[in-house]
There are 2 protein chains.
Amino acid sequence: MPDIQPDNAAIAQQIRHLQDTLYVVNGKWKLPILVAVHQGNSRFRDIQRSVQGITTKVLSTELKALEQNKLVVRRVYDTSPPAVEYTTSPYCETLQTMILEMIAWGKNHHDQLREK
Amino acid sequence: MPDIQPDNAAIAQQIRHLQDTLYVVNGKWKLPILVAVHQGNSRFRDIQRSVQGITTKVLSTELKALEQNKLVVRRVYDTSPPAVEYTTSPYCETLQTMILEMIAWGKNHHDQLREK
DNA sequence: ATATCTGGCATCCTTTAGGTAACTGGCATC
DNA sequence: GATGCCAGTTACCTAAAGGATGCCAGATAT
């Protein structure tokens, strides 16, 4: 006779929420880009310089994805030469605590490895 | 004359921490597996049932990676038939707040999309 | 006048993540 | 004695992510 585990559905639900987040945020570059932009790098080349090792092609693709997910805003100014400016959206702020947790864990993890 | 931006190094550092975290945690399945195990699913097949859609091969691979990163412990009992038990390590607890943040954000994001 | 900056795009290529399907060997159950 | 459960493994394959390189055109700086 199988146990009925009443919280299985709840666990599955949590996992689904987690996967929703991962779907938006997954990959090597999206969060690093977000941090760079949030910290004030608004120009394409500045972002590229902040996020070490990224190529223009990847940066361009990822910025588009972030724009589609309403996390980044792209503005073009009709100056000469036309200037492009990237900023994080207000909605992006909702990611702040999560990202800070990730940064904190990464720092701790790094220290942990060095101690060994 | 280029501005010297004194916090560029600090930003780069944060991005590096973030990437350290992503390196451990990245991919579609690692965090969902961690949640399932943490919630008390200790048997291979139970984990597989909790993490909907995962195949035995992927689960097996990911569990090995998590074990190598000291987030999951695998114990084999020499009973008949031999039983295998997966549990989260104490170190894995340090990920808790981060994961909870990710679950919370995923839930919020989902609700956000439904409102539109 | 030439070198370098800007914000990218186009091609091509490699690597990795993830998925499919079939199978194993020992035990228990019907 | 056939079927099913457990904890996986193996071989093969596809799709997506990521990387390398070269290029453009307008502007500024040397």
Side-chain angles (χ1 to χ4, degrees), chain A residues 1-3 5 15 18-19 21-34 36-37 40-69 72-87, chain B residues 1-5 8 15 18-19 21-34 36-37 40-69 72-87:
Chain A
M1 193 185 312
D3 274 347
Q5 287 163 305
I15 292 178
L18 191 45
Q19 285 173 325
T21 301
L22 288 171
Y23 184 79
V24 174
V25 131
N26 209 9
K28 200 174 171 182
W29 299 113
K30 290 196 191 64
L31 289 179
I33 292 169
L34 235 38
V37 175
N41 295 93
S42 52
R43 317 298 304 275
F44 190 89
R45 298 291 176 185
D46 287 344
I47 301 167
Q48 188 180 8
R49 272 185 286 268
S50 292
V51 184
Q52 286 253 350
I54 199 168
T55 62
T56 65
K57 181 204 147 195
V58 172
L59 178 54
S60 160
T61 316
E62 297 292 51
L63 280 171
K64 276 174 196 158
L66 291 169
E67 207 192 335
Q68 282 197 353
N69 281 318
V72 154
V73 180
R74 179 179 189 266
R75 288 198 198 81
V76 184
Y77 295 98
D78 195 13
T79 56
S80 175
V84 181
E85 185 187 275
Y86 294 93
T87 47
Chain B
M1 193 187 313
D3 273 346
I4 295 162
Q5 289 163 305
N8 264 2
I15 291 177
L18 190 46
Q19 286 172 325
T21 301
L22 288 172
Y23 184 78
V24 174
V25 130
N26 210 10
K28 199 174 171 181
W29 298 116
K30 289 195 191 66
L31 290 179
I33 292 170
L34 235 37
V37 174
N41 295 94
S42 53
R43 318 297 305 275
F44 190 89
R45 296 293 174 187
D46 287 344
I47 301 167
Q48 189 179 8
R49 272 186 287 268
S50 293
V51 183
Q52 286 254 348
I54 199 169
T55 64
T56 65
K57 181 209 143 192
V58 171
L59 179 54
S60 162
T61 316
E62 297 292 52
L63 279 171
K64 276 175 196 156
L66 291 169
E67 209 192 336
Q68 282 198 353
N69 281 317
V72 154
V73 180
R74 178 181 190 265
R75 287 198 198 81
V76 183
Y77 294 98
D78 195 12
T79 57
S80 171
V84 181
E85 186 187 273
Y86 293 93
T87 47

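Residue numbering restarts at 1 for every chain, and letters A, B, ... go by the order of the sequence lines. Here the structure is a predicted model, which is why all the values come from computation and not from measurement.
The interatomic distance linking A:L22 (CG) with D:dA17 (C1') rounds to 16 Å, in whole Å. Atom CZ in A:R75 sits about 15 Å away from atom P in C:dG7, given to the nearest Å. The distance between atom CG of B:D46 and atom P of D:dG8, rounded to the nearest whole Å, is 13 Å. Taking atom CG on B:L63 and atom P on D:dG8, their separation rounds to 8 Å, with Å as the unit. Distance CD (A:E62) to C1' (C:dG7): 17 Å, rounded to an integer number of Å. Spacing between atom CZ of B:F44 and atom P of C:dG25 amounts to 18 Å, rounded to whole angstrom units. One can place CD of B:Q19 at 11 Å from P of D:dG18, the figure rounded to the nearest angstrom. The CG-P distance, from B:D78 to C:dG26, rounds to 14 Å in whole Å.
Scored by the side chain to side chain contact (heavy atoms under 4.5 Å, CB included) test, B:S50 finds B:A36, B:N41 as partners (sequence neighbours excluded). Take B:R49 and apply the side-chain hydrogen bond (donor to acceptor under 3.5 Å, both in side chains) test, not counting sequence neighbours, and it matches B:D46.
Interatomic distance, A:L34 CG to A:I47 CD1, rounded to the nearest 0.5 Å: 10.0 Å. One distance of note links OG1 of B:T87 with CZ of B:R74; it measures 11.5 Å at 0.5 Å rounding.
B:V51 and B:P32 get closest at one heavy-atom pair: CG2-O, 3.9 Å.
For B:Y86, no side-chain nitrogen or oxygen approaches OP1 or OP2 of D:dC6 to under 4.0 Å. Phosphate proximity of C:dC9 to A:S60: present, with a side-chain N or O under 4.0 Å from OP1 or OP2. Distances shorter than 4.0 Å separate none of the side-chain N or O atoms of A:R43 from OP1 or OP2 on C:dT6. Dashed line: the shortest gap from a side-chain N or O of A:R74 to OP1 or OP2 of C:dG8 is under 4.0 Å. Residue A:R49 places at least one side-chain N or O under 4.0 Å from the OP1 or OP2 atom of C:dT6.
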- For nucleotides 19-30 of chain D, just jot down a letter per nucleotide in 5' to 3' order: B, S or -, based on protein non-hydrogen atoms under 4.0 Å. BB------S---
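B:K30 comes within 4.0 angstrom of no nucleic acid atom, judged by non-hydrogen atoms across all strands.
For B:R43 (side chain) and B:V84 (main-chain N/O), a donor-acceptor pair under 3.5 Å exists by modelled atom type.
Base pairing of C:dT2: its partner is D:dA29, meeting the Watson-Crick or G-U wobble criterion (both donor-acceptor distances under 3.5 Å).
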Can you give each donor-acceptor pair under 3.5 Å made by side-chain atoms of residues 21-30 of chain A, sequence neighbours left out, with the distance rounded to 0.1 Å?
| from | atom 1 | to | atom 2 | distance (Å) |
| --- | --- | --- | --- | --- |
| A:T21 | OG1 | A:H17 | O | 3.4 |
| A:T21 | OG1 | B:M102 | O | 2.6 |
| A:T21 | OG1 | B:G106 | N | 2.9 |
| A:K30 | NZ | A:N26 | O | 3.0 |

Under 3.5 Å, sequence neighbours excluded: what are the donor-acceptor pairs made by side chains of residues 57-69 of chain B?
| from | atom 1 | to | atom 2 | distance (Å) |
| --- | --- | --- | --- | --- |
| B:T61 | OG1 | B:K57 | O | 2.7 |

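DNA chain C is contacted by both A:S42 and A:N26; A:S42 maps to the nucleotide lying nearer its 5′ end (nearest heavy atom per residue).
Between A:I33 and A:I54 the shortest side-chain heavy-atom distance falls below 4.5 Å.
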- Full working for side chain to side chain contact (heavy atoms under 4.5 Å, CB included) between A:R45 and A:T56: CA-CA 9 Å; A:R45 298 291 176 185; A:T56 65; 3.5 Å; yes
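Rounded to 10 degrees, the angle separating the terminal axes of the helix from C:dG7-D:dC24 to C:dC30-D:dG1 is 30°, with each axis obtained from five end pairs.
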